[in-house]
A.B. asks: 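Please find one structure pasted underneath; my questions will follow.
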Amino acid sequence: MRRKAADAAAIVGLAALILLCRMASAHLREGFGDREMARRTAAFADAGVKVVVDPGHGGIDSGKTGVNGSKEKEINLKIAIEIKNMLEKEGVSVVMTREGDERLAGTQREDLRERAALMDREKPVLAVSIHQNSYQDEAVSGAQVFYHSGSGQGEAAARMIQDALNELQPDNTKKIRSNDTYYILKNTEVPVVIAECGFLSNPEEAERLSRESWQREIAGAVAEGVMQYIRASDPEQEAG
């Protein structure tokens, strides 16, 4: 009887030891992951990696108005601020073209000129302009990213951001599109993309885009695509 009790105690002790070893191993892996993330974040910060985030419209220019009455300029800014916060946590320096309800000049064209000039002046690895779309057919929905046809870097960034957005919305079949007429795309020297995060003309999407939780989800997808582009643009930095 005593032997059986001793055997049982030994088994319990062995099980406890195995559990402790597994917990310790998991803790070590977690600690390594945290240190690796900190190392990468510090690497981006030390390298001075910079991104310009441009919330479209602002001030008297509200942009598009959703079928639910939402204003594009407000949604753009909220998403852009979330992107800024996410990128900064990765060690990326972020410059915003606006941080309040304003525009950069008196007229729309002058405003766009100032945004493009700021992007070129800051010399970021990428500039991302945040917008919302609209169409006469209410059924049309889904995020889509645009780039200038003459920019290979812009195309690469657009594809990575689009992939991340489509992963967030598996039913979205939209693909990246080149555009040579948008002012921001054709009048900048640095890589620029325009992320149209959804259609305010679609009732369901307009409602989602008005929710802070969905704005964070969209921002997370855009930030993920931006980080993929940064890492792909400088593999030595990723490895170092």
A.B. asks: Has the side chain of R103 got a donor or acceptor atom that lies under 3.5 Å from a matching backbone atom of I60?
C.D. replies: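 Flag not set: sc R103 to bb I60 has no pair under 3.5 Å.
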
A.B. asks: Within a strict 4.5 Å, meaning less than it, do heavy atoms of the D101 and L77 side chains meet?
C.D. replies: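 SC-SC contact between D101 and L77 ruled out.
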
A.B. asks: Under 4.5 Å between any side-chain heavy atoms of V226 and L126, yes or no?
C.D. replies: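 Yes; the side chains approach each other to less than 4.5 Å.
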
A.B. asks: I'd like to know if the side chain of N187 reaches the main chain of Y183, judged simply by a donor and an acceptor atom lying under 3.5 Å from each other, with no hydrogens or angles considered.
C.D. replies: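 Here the side-chain-to-backbone pair exists.
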
A.B. asks: With no hydrogens and no angle check, is any side-chain donor or acceptor of S201 less than 3.5 Å from a backbone partner on Y135?
C.D. replies: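 Yes, because the side chain of S201 sits within donor-acceptor range (under 3.5 Å) of the backbone of Y135.
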
A.B. asks: Can you name the closest pair of heavy atoms from F199 and E205 and give their distance?
C.D. replies: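 Here F199 and E205 meet closest at N-OE1, 2.7 Å.
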
A.B. asks: To check you understand the geometry: which heavy-atom pair defines the closest contact between H148 and K186, and what is its length?
C.D. replies: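 Heavy atoms only, the tightest pair is CD2-CA, 3.7 Å.
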
A.B. asks: Treating N133 as the side-chain partner and E196 as the backbone partner, does any N or O pair qualify as donor plus acceptor under 3.5 Å?
C.D. replies: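 Between the backbone of E196 and the side chain of N133 there is no qualifying donor-acceptor contact (under 3.5 Å).
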
A.B. asks: Assess the residue pair R231 and E90 against the criterion (salt bridge (Lys or Arg N to Asp or Glu O under 4.0 Å)); give the C-alpha distance rounded to whole Å, side-chain angles, the decisive distance to 0.1 Å, and a yes or no.
C.D. replies: CA-CA 11 Å; R231 293 178 180 124; E90 296 287 343; 3.6 Å; yes

A.B. asks: Would you say R177 has more than 12 foreign heavy atoms packed within less than 6.0 Å of its CZ?
C.D. replies: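 Counting neighbours around CZ of R177, 12 or fewer heavy atoms of other residues, nucleotides or ligands fall under 6.0 Å, so no.
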
A.B. asks: Taking the side chain as everything from C-beta on, heavy atoms only, tell me whether Y229 gets closer than 4.5 Å to Q153.
C.D. replies: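 Y229 vs Q153: side chains touch.
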
A.B. asks: To the nearest 0.5 Å, what is the distance between CG (D111) and CD (Q108)?
C.D. replies: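 These two atoms lie 7.5 Å from each other.
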
A.B. asks: Between the main-chain N or O of E72 and the side-chain N or O of Q132, is there a donor-acceptor pair closer than 3.5 Å?
C.D. replies: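 No, because the side chain of Q132 does not come within donor-acceptor range (under 3.5 Å) of the backbone of E72.
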
A.B. asks: Indicate the atoms forming the closest heavy-atom contact of K64 with L200, along with that distance.
C.D. replies: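 Looks like O-CD1, 3.9 Å.
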
A.B. asks: Check this for me: does any side-chain nitrogen of one of E74 and K78 sit under 4.0 Å from a carboxylate oxygen of the other?
C.D. replies: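 Answer for the salt bridge query: no.
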
A.B. asks: Taking D180 for its side chain and S149 for its backbone only, find out whether a donor-acceptor pair lies under 3.5 Å.
C.D. replies: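 A pair under 3.5 Å: yes.
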
A.B. asks: Any side-chain heavy atom of E122 sitting closer than 4.5 Å to one from T97?
C.D. replies: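 Contact flag for E122/T97 side chains = no.
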
A.B. asks: Any side-chain heavy atom of S70 within less than 4.5 Å of one from L209?
C.D. replies: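 The answer is no, as the side chains (C-beta and beyond) never meet within the 4.5 Å cut-off.
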
A.B. asks: Ignoring hydrogens and geometry, is there a side-chain-to-backbone donor-acceptor pair from Q144 to I176 under 3.5 Å?
C.D. replies: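 Checked: no pair found.
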
A.B. asks: Taking L168 as the starting point, is it possible to reach I194 by hopping between hydrophobic residues whose side chains are less than 4.5 Å apart?
C.D. replies: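 No, separate clusters.
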
A.B. asks: Provide the closest heavy-atom pair for N172 versus A143 in the form atom of the first, atom of the second, distance.
C.D. replies: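 Where N172 meets A143 most closely, the heavy atoms are ND2-O, 2.9 Å.
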
A.B. asks: Just so I know, are the side chains of E99 and K84 near enough to count as touching, which here means a heavy-atom distance under 4.5 Å?
C.D. replies: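 When only atoms from C-beta onward are counted, K84 and E99 do touch, with a gap below 4.5 Å.
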
A.B. asks: Is the number of heavy atoms from other residues, nucleotides or ligands within 6.0 Å of CD (E204) greater than 12?
C.D. replies: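 Check fails, neighbour count at 12 or below.
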
A.B. asks: With a 3.5 Å distance limit and no angle check, can you tell me whether Q215 reaches the backbone of A80 through a side-chain donor-acceptor pair?
C.D. replies: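 It does not hold such a pair.
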
A.B. asks: Answer yes or no: is there an ion pair linking D163 with R159, defined by an N-O contact shorter than 4.0 Å?
C.D. replies: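 No, D163 and R159 are not salt-bridged.
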
A.B. asks: More than 12 heavy atoms of other residues, nucleotides or ligands under 6.0 Å from CD of E167: is that the case?
C.D. replies: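 For E167, atom CD is not crowded (no more than 12 foreign heavy atoms under 6.0 Å).
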
A.B. asks: When you measure from the side chain of K50 to the backbone of V95, do you find a donor-acceptor pair of N or O atoms at a distance under 3.5 Å?
C.D. replies: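 Pair absent, no side-chain N/O of K50 close to backbone of V95.
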
A.B. asks: Once you round to the nearest 0.5 Å, how far does CZ of R98 lie from CD1 of I81?
C.D. replies: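 Reported to 0.5 Å precision, the distance equals 8.5 Å.
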
A.B. asks: With a 4.5 Å heavy-atom cut-off, do N202 and V140 have their side chains touching?
C.D. replies: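 Result no, sub-4.5 Å side-chain heavy-atom pair not found.
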
A.B. asks: Please give me the minimum heavy-atom distance between P191 and V125, naming the atom from each residue.
C.D. replies: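 Nearest pair, atom of P191 first, then V125: CG-O, 3.6 Å.
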
A.B. asks: Where the side chain of N68 meets the backbone of A206, is there a donor-acceptor pair that is under 3.5 Å apart?
C.D. replies: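 Checking the backbone N and O of A206 against the side chain of N68, a donor-acceptor pair under 3.5 Å is found.
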
A.B. asks: Do M119 and I230 sit in the same hydrophobic cluster, where Ile, Leu, Val, Met, Phe, Trp and Tyr count as joined when their side-chain heavy atoms come under 4.5 Å apart?
C.D. replies: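 Each belongs to a different hydrophobic cluster.
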
A.B. asks: Can you name the closest pair of heavy atoms from D54 and S129 and give their distance?
C.D. replies: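 So the minimum-distance heavy-atom pair works out to OD2-OG, 2.6 Å.
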
